[in-house]
S.K.: 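Sharing a structure, written as structure tokens. Questions coming.
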Amino acid sequence: MREKDRFGREISYLRVSVTDRCNFRCFYCRPVRDFTPLPHSEILSYEEILEVVRAGVAAGVKKVRLTGGEPLLRRGIAHLVKEIAAMPEIQDLGLTTNGLLLETMAWPLREAGLTRLNVSLDSLDPAVFQRVTGKDAARQVLAGIEAALSLGFAPVKLNTVAVAGVNDADFGRLARLSMDWPVHVRFIEFMPTAGVTDWASARFLSWERVKEIVERDAGALEQVPESGLFPGPALRYRFPGAKGEVGFITAVTRHFCGECNRMRLTADGKLRPCLLSDREVDVRAGLRAGLGEEAVLAAWKRALELKPQGHALDNPERAPLKRGMSRIGG
Ligand code: SAM
Ligand code: SF4
């Protein structure tokens with residue numbers, strides 16, 4: 001059964017947040033100092049997550065990404081990877097991590113059947129890295145990336161949130177990592193998720209501006225033609241002769257809402273059809289009442305009805321989002 005939403009979009013990609021906990025405090029994601037984690041009882045168990053993934057598969061899901069919070073903090077994550085990788089309908093299984101625990105976790109994840117890995121990396125400069133994430137851990141994250149590459153994860157995608165006056169001096173160096181490593185360095189436009197107070201003032205950089213800075217500091221880029229089973233939202237470029245690529249994720253300036261194929265599952269069991277809208281449908285109560293796949297599919301249908309046509313970031317009157325990224329699953 002291939003489910004479409006009200007606007008004819010086929011929803012084939014489920015992003016699962018396995019925890020709201022994190023070992024970093026990135027200012028754009030988790031700015032609140034006294035962040036109170038969800039009680040364990042409110043977080044879906046692996047069995048409950050698998051029930052939702054199975055229902056998603058019945059509704060047409062073919063691609064799953066595990067995220068958080070920091071997914072490598074959740075004990076037994078490789079077990080969840082293994083269970084999802086074993087589902088024959090799932091053609092693509094990825095995980096997004098901040099990389100802090102990757103050096104030791106890369107092998108168990110690989111062995112469990114993970115094929116795609118995204119690692120967040122906002123700067124190569126240890127002081128800037130610490131300013132962004134709250135941790136002096138740039139070297140540890142780089143060691144994790146190298147471990148993943150040596151185990152054959154290819155490409156590893158590196159995500160950099162572009163923030164003016166914070167990490168823009170490092171865009172060229174980050175992009176040049178794609179010369180010698182089979183990595184896709186992707187610059188993400190800074191989004192106004194909950195708790196982000198200075199967005200759109202001095203901090204926001206459009207993808208065109210980021211590309212100008214990269215080309216000024218690191219050389220001209222050429223466009224890469226789109227290919228692959230699941231073309232992503234990034235605009236793809238590369239330096240001539242490079243092993244990897246440079247991409248731009250234009251979440252704010254160029255809506256890719258028209259082609260959005262995503263559903264999100266939050267750590268506390270809500271289906272969230274749009275990252276940038278607080279509309280959600282609970283699945284946890286139905287699961288815990290033993291109502292099974294039918295209840296999840298009914299919730300899935302309701303969530304599809306709630307999926308907006310596009311985000312409302314251009315509307316200055318829009319209400320601020322209630323959940324921060326670490327609570328949604330970016
Ligand atoms: N902890 C993992 C990590 O950092 O990769 C996974 C979860 S994190 C919420 C997923 C992605 O969301 C990261 O690449 C992060 O940089 C991005 N992100 C978080 N807040 C953002 C914001 N306000 N604007 C743009 N991207 C953001
Ligand atoms: Fe944690 Fe990832 Fe959010 Fe940073 S972006 S605070 S690493 S969840």
Side-chain angles (χ1 to χ4, degrees), residues 15-33 35 37-38 64-74 77 94-102 105-106 109 114 116-123 128-138 140-141 144-145 148 156-164 166-167 174 183-201 203-207 210 232-234 247-253 256 262 264-267 272 275-276 311 313 320-330:
R15 292 174 77 107
V16 178
S17 172
V18 298
T19 179
D20 67 329
R21 285 155 172 78
C22 191
N23 37 17
F24 282 1
R25 293 280 175 279
C26 303
F27 74 89
Y28 48 70
C29 174
R30 216 170 157 180
V32 190
R33 273 195 183 279
F35 177 90
L38 291 165
V64 172
R65 174 164 296 278
L66 303 176
T67 176
E70 175 44 41
L72 301 192
L73 274 182
R74 183 142 178 194
I77 186 73
L95 180 142
T96 302
T97 172
N98 63 26
L100 187 65
L101 303 175
L102 189 56
M105 286 300 293
L109 292 170
L114 189 74
R116 286 180 182 268
L117 199 54
N118 290 9
V119 186
S120 298
L121 180 65
D122 289 326
S123 182
V128 177
F129 187 96
Q130 180 162 15
R131 183 173 160 207
V132 173
T133 64
K135 271 244 162 86
D136 178 11
Q140 231 167 305
V141 172
I145 293 166
V156 173
K157 294 186 179 170
L158 304 182
N159 292 339
T160 301
V161 181
V163 190
V166 175
N167 59 350
L174 284 163
V183 292
H184 291 192
V185 180
R186 295 145 19 120
F187 294 93
I188 306 175
E189 286 179 343
F190 180 25
M191 288 183 281
T193 44
V196 174
T197 48
D198 54 357
W199 184 77
S201 53
R203 294 276 180 243
F204 180 75
L205 288 169
S206 69
W207 79 273
V210 178
F248 301 93
I249 301 196
T250 63
V252 177
T253 57
F256 36 76
R262 298 175 183 192
R264 287 184 157 78
L265 176 66
T266 66
R272 184 170 170 118
L275 173 67
L276 296 169
H311 68 61
L313 295 184
L321 292 169
K322 294 199 188 87
R323 282 190 192 246
M325 279 289 243
S326 68
R327 275 264 155 93
I328 302 168

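For the numbers below, each heavy atom of this structure counts, side chains included, while hydrogens, waters and symmetry mates do not. First listed ligand is number 1; within each ligand, the first listed atom is number 1.
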S.K.: Can you find a heavy atom in the side chain of V161 that is under 4.5 Å from one in the side chain of F27?
M.R.: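 A side-chain contact is absent here, since even the closest heavy-atom pair is not under 4.5 Å.
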
S.K.: Looking only at heavy atoms of G69, does any of them come nearer than 4.0 Å to an atom of ligand 2?
M.R.: yes

S.K.: Just by distance, do the side chain of R74 and the backbone of V18 share a donor-acceptor pair under 3.5 Å?
M.R.: yes

S.K.: Show the nearest heavy-atom pair for residues R21 and L38, with the distance to one decimal.
M.R.: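 Distance-wise, the nearest heavy atoms are NH2-O, 2.8 Å.
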
S.K.: Taking the side chain from R116 and the backbone from T96, do they hold a donor-acceptor pair closer than 3.5 Å?
M.R.: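 No.
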
S.K.: Taking the side chain as every heavy atom from C-beta outward, state whether V141 and F24 have any pair of such atoms under 4.5 Å apart.
M.R.: yes

S.K.: Would you say T96 has any N or O atom under 3.5 Å from an N or O of ligand 1, going by distance alone?
M.R.: no

S.K.: Using a strict 4.0 Å cut-off to heavy atoms of F24, name the atoms of ligand 2 that fall inside it.
M.R.: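 Near F24, the atoms of ligand 2 are 6 (S), 7 (S).
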
S.K.: Would you mind listing which atoms of ligand 1 come within a distance below 4.0 Å of any non-hydrogen atom of N159?
M.R.: 14 (O)

S.K.: Among N98, D122, T67, L73, which residue places a heavy atom closest to atom 7 (S) of ligand 2?
M.R.: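 It is N98 that holds the nearest heavy atom.
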
S.K.: Should M191 be counted as touching ligand 1, given the test is an N or O pair under 3.5 Å?
M.R.: yes

S.K.: Verify, without hydrogens or angle tests, whether T97 (side chain) and V119 (backbone) share a donor-acceptor contact under 3.5 angstrom.
M.R.: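 Not a single qualifying donor-acceptor pair exists.
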
S.K.: Heavy-atom pairs closer than 4.0 Å: do any link ligand 1 to the side chain of V161, the backbone, both, or neither?
M.R.: side chain

S.K.: May I ask you to identify, for N118, whether its side chain, its backbone, both or neither come under 4.0 Å of ligand 1 on a heavy-atom basis?
M.R.: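 No part of N118 comes within reach of ligand 1.
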
S.K.: Using a 3.5 Å cut-off on N or O atoms only, is T67 in polar contact with ligand 1?
M.R.: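 No - when backbone and side-chain N and O of T67 are compared with those of ligand 1, no distance drops under 3.5 Å.
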
S.K.: For ligand 2, is any non-hydrogen atom under 4.0 Å from C22's backbone (N, CA, C, O), its side chain (CB onward), both, or neither?
M.R.: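 The side chain, only.
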
S.K.: Between R65 (side chain) and L95 (backbone), is there a donor-acceptor pair under 3.5 Å?
M.R.: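 Yes, because the side chain of R65 sits within donor-acceptor range (under 3.5 Å) of the backbone of L95.
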
S.K.: Below 4.0 Å from ligand 1: does a non-hydrogen atom of G68 turn up there or not?
M.R.: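 It does; at least one heavy atom falls under 4.0 Å.
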
S.K.: Using 2.8 Å as a strict upper limit, say whether an N, O or S atom of C29 approaches atom 3 (Fe) of ligand 2 that closely.
M.R.: yes

S.K.: Provide the number and element of each atom of ligand 1 under 4.0 Å from a heavy atom of T97.
M.R.: 2 (C), 3 (C), 5 (O)

S.K.: When you compare the side chains of E70 and T19, does any donor N or O come within less than 3.5 Å of an acceptor on the partner?
M.R.: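 Side-chain D/A pair, E70 to T19: absent.
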
S.K.: For ligand 1, which atoms have a heavy atom of E70 less than 4.0 angstrom away?
M.R.: 1 (N), 2 (C)

S.K.: Does at least one non-hydrogen atom of G69 fall below 4.0 angstrom from an atom of ligand 1?
M.R.: yes

S.K.: Can any side-chain N or O of R186 pair as donor or acceptor with the backbone N or O of L158 at less than 3.5 Å?
M.R.: no

S.K.: D122 vs Y28, test: side-chain contact (heavy atoms from CB on, under 4.5 Å). Steps then yes/no.
M.R.: CA-CA 11 Å; D122 289 326; Y28 48 70; 2.4 Å; yes

